Amino acid sequence: MTNQYPPYLDKLNETQREAAMKIDGPVMIIAGAGSGKTRVLTYRIAHIIKQGIDPFNILSLTFTNKAAREMKNRIESVVGSEARNLWMGTFHSVFAKILRIEAEHIGYPKDFTIYDTDDAKSLIKTILKEYQLDEKLYKPGLVYNRISNAKNNLINSKDYKSIPELIEADASQGRPQIGQIFEAYQLRCFKAGAMDFDDLLLNTFRLFKGHPNILFKYQHKFKYIMVDEYQDTNLCQYMIVKKLAASHENLCVVGDDSQSIYSFRGASIQNILNFEKDYPDLATFKLEHNYRSSSNIVNASSSIIAKNKEKLHKNIFTENEAGEKINVIKALSDNEEGRFVAQMIFEEKNQKQLQNSDFAILYRTNAQSRSFEESLRKNNIPYRIYGGTSFYQRKEVKDMIAYLRLVINPNDEEALKRIINYPVRKIGNTTIEKLTFVANQNQTTIWEVIKNIHLIKDFGAAAHHVRNFYMMMSNFQSMATTKTAYEVAETVAKSSGLVSMLKEDKTVEGVARYENIVELLNAIKEFTEDDTTENEKSLSLFLQDIALLTDADKETDDNNKVTLMTIHSSKGLEFKNVFVVGLEENLFPSQLSLNSRQELEEERRLFYVAVTRAEEKLTLSFATSRFKYGNLIPCEPSRFIDEIDKQYLDFTHAQRSSNATLFKPKEETNNYGKGYGMNVGRMISNPLPTIKTSANFIPSDNQLIKVGDKVEHQRFGMGTVISVEDTGENKKATVQFIETGSKTLVLKFAKLMIHS
DNA sequence: TACTAAGCTCTTTTT
DNA sequence: GAGCTTAGTA
């Protein structure tokens with residue numbers, strides 16, 4: 001390899017540069033956390049453009065649209081404005097764009113609707129009702145997951161019904177009809193001119209598979225292809241990429257097996273292994289130098305991931321200073337955890353002159369955000385929550401969007417059902433059911449039935465109301481052919497009665513809802529008037545855009561806020577100061593992810609992702625009790641805390657005495673506090689009667705326990721080891737507990753934590 | 001058809 | 001605690 005390289009690559013280290021300059025042929029970049037992966041991708045693309053390749057011929061698939069936008073800007077600063085022509089975005093958004101162009105070849109309208117998860121589940125519910133299946137047995141969410149999994153593995157409804165393993169699996173669970181539901185679901189989506197998230201991928205695959213000429217077109221268009229976060233792609237995505245790259249084979253995938261956290265979505269480490277098999281002349285680069293975090297954090301994270309059996313060999317190192325130790329915090333409840341964290345942010349901010357945006361609170365589940373929101377608000381610390389219910393998920397916004405969807409695609413059944421009687425127009429459930437029935441009988445859509453309602457006798461008075469609705473909607477539709485997206489939306493908002501209804505509601509929530517509609521209209525206006533791109537600005541495109549928009553994509557004017565998000569959505573981000581909270585058994589690792597070693601290892605990778613977000617300071621916290629469905633339940637610290645090499649941890653804040661600290665669940669308090677919302681648990685001095693026994697919180701290596709160690713037991717509190725005995729079968733330790741006296745514990749089962 | 005109160009069921013992560 | 005469904009009433 002030559003030592004000569006273009007000056008714009010001088011910000012890269014040697015391996016990074018080699019990876020950026022190897023632009024021809026298949027390339028795999030294994031990039032550890034904080035190793036400058038985005039930087040390599042950015043400069044690699046810039047380098048390709050500098051070689052005279054038209055940006056139009058480069059496809060880069062990223063994890064979020066925001067990441068794509070940021071990368072584009074950075075590339076632009078190296079190569080100039082032509083970078084704007086790059087094809088960059090998420091799998092879903094890029095393929096939606098292609099499908100929009102090629103829709104007719106697979107029988108879809110150009111303006112197809114994108115069903116989100118709610119739409120999909122609602123459609124499944126309707127189908128269940130029509131088939132008279134038990135909604136308790138065929139839970140819509142579960143059925144949706146089965147269908148989604150199948151699609152991600154390139155199995156269509158016909159295949160599904162002919163694969164013995166799937167038939168058996170469903171039958172053994174007492175759900176033999178999933179195949180049928182799948183088929184009906186697919187048909188209904190197709191008739192409605194709608195695709196769900198998985199269809200965007202599956203239909204792209206089908207398009208390329210069934211139309212070699214179209215595949216050929218895109219193969220030649222995309223001369224260079226890059227895939228970021230490759231460890232999180234599923235089979236369908238993998239196959240599409242493979243097809244697209246087949247003629248040039250200038251394919252570069254970037255990923256980190258240690259950060260693979262989306263197997264529930266069909267992602268598989270197998271894709272990395274397959275990649276090596278499919279492209280024997282592959283060039284592999286390993287980025288192992290962590291530039292992001294202090295060496296304490298880097299080393300601690302390595303000690304975590306070392307516990308996983310399934311991983312590629314990597315040797316992550318850093319030249320950064322040791323930094324502070326990782327703080328472990330014990331709180332008595334989720335509320336106290338919130339207060340602690342808010343207080344620590346407040347103090348750190350003042351001590352070290354940090355910005356709010358230097359802090360992030362990361363949790364396993366969205367529901368955990370509540371206690372942090374409360375305490376941050378009390379401390380006047382601005383924060384922003386990512387995920388959860390985003391702007392476009394709010395009811396009133398979805399209602400308004402449903403109208404617009406229906407204007408663009410009148411066959412969109414889910415949109416129609418959502419708003420046909422909202423605001424109330426005297427078209428009740430009975431009428432809607434009748435309409436659906438007639439539509440199904442005549443192999444047509446509800447809209448067609450509505451259109452011809454006057455030809456059908458048995459609708460009685462309802463026919464009149466339906467007719468009115470039809471007139472209104474077709475008015476909007478004809479308007480959409482001549483007016484701008486904003487003009488249409490404004491008219492819809494006013495004439496549909498939606499806005500006037502919301503205006504009447506003077507409650508705080510009502511006003512907020514009204515303001516959200518105004519904000520939506522503004523967003524449409526902005527979209528319509530955006531002259532920075534040459535793209536078309538139709539209402540239809542706006543709808544497709546926002547269907548694939550995630551919370552992380554949204555820009556805000558004031559960015560100096562503490563970030564609250566799930567660990568999943570924190571991937572790819574970094575913060576000076578990170579709090580990983582709720583480190584309790586059954587929460588993190590999740591109770592639902594303890595069925596196999598593979599599942600536990602994925603949870604561990606998730607923990608690894610969380611820890612490696614931190615640059616300078618990391619705090620881990622757990623609570624000993626937590627609200628769950630309104631009841632306070634006892635919690636044990638997560639095994640993950642125990643798995644970290646102790647030399648990197650600081651337990652100062654975890655050792656506070658836990659006298660009289662257990663809360664009695666609300667249920668058992670004679671209705672004390674009933675109706676008062678939170679904090680209704682009553683403090684009691686006795687331990688709770690039972691704590692579910694588990695072998696979860698054993699020391700990572702119980703050889704480590706030795707006489708004189710200070711240990712903490714979930715139930716018995718702090719103590720000192722007075723003897724250790726090995727019976728051959730079991731290792732036992734006798735511990736003198738401060739509060740309850742001495743106990744002999746079988747280490748295999750004991751829930752002990754060693755304090756350094 | 002619309003509204004209200006009571007009752008039931010939830011447990012994960014995302015495009 | 002929240003969101004949803006159901007039963008009963010206006």
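Please read these numbers as outputs of a predicted model, since none were measured by experiment. Side chains included, hydrogens not; waters and symmetry mates left out as well; all remaining heavy atoms used. Here is how names work: the chains are called A, B, and so on, in the same order as the sequence lines, proteins then strands, and each is numbered from 1.
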Considering only nitrogen or oxygen atoms on both sides, find all protein atoms under 3.5 Å from nucleotides 3-7 of chain C and state each distance.
residue, atom, partner, partner atom, Å
C:dT5, OP1, A:K125, NZ, 3.4

Provide, to the nearest angstrom, the distance between the [atom1] atom belonging to [X] and the [atom2] atom belonging to [N].
X: A:D545; N: B:dT15; atom1: CG; atom2: C1'; value: 14 Å
X: A:L61; N: B:dT15; atom1: CG; atom2: C1'; value: 13 Å
X: A:L362; N: B:dT14; atom1: CG; atom2: P; value: 12 Å
X: A:L201; N: B:dT14; atom1: CG; atom2: P; value: 17 Å
X: A:E229; N: B:dT15; atom1: CD; atom2: P; value: 12 Å
X: A:K571; N: B:dT15; atom1: NZ; atom2: P; value: 10 Å
X: A:H464; N: B:dT1; atom1: NE2; atom2: P; value: 14 Å
X: A:D198; N: B:dT15; atom1: CG; atom2: P; value: 13 Å

Is the shortest side-chain N to carboxylate O distance from [X] to [Y] below 4.0 Å?
X: A:E310; Y: A:R597; answer: yes
X: A:E602; Y: A:R605; answer: yes
X: A:E603; Y: A:R364; answer: yes

Taking the ring centre of each residue, are A:F63 and A:Y262 less than 6.0 Å apart? yes

Protein-proximity profile, nucleotides 8-13 of chain B, B/S/- by nucleotide at the 4.0 Å heavy-atom cutoff, equals --BBBB

Indicate whether OP1 or OP2 belonging to B:dT1 is found under 4.0 Å from a side-chain N or O atom of A:T431. yes

Taking atom NZ of A:K129 as the centre, report whether more than 12 heavy atoms of other residues, nucleotides or ligands fall under 6.0 Å from it. no

Please round to the nearest 0.5 Å and tell me the distance separating atom CZ of A:F208 and atom NZ of A:K243. 9.5 Å

Checking side-chain contact (heavy atoms from CB on, under 4.5 Å) between A:Q368 and each of A:D334, A:I361, A:L587, which is the one that passes? A:L587

Describe the nucleic acid contact of A:N421 in one word from base, sugar-phosphate, nothing, applying a heavy-atom distance below 4.0 Å. sugar-phosphate

Do A:Q231 and A:E229 have a side chain donor and acceptor closer than 3.5 Å? yes

Polar side chain donor-acceptor pair, A:T233 to A:N271, under 3.5 angstrom: yes

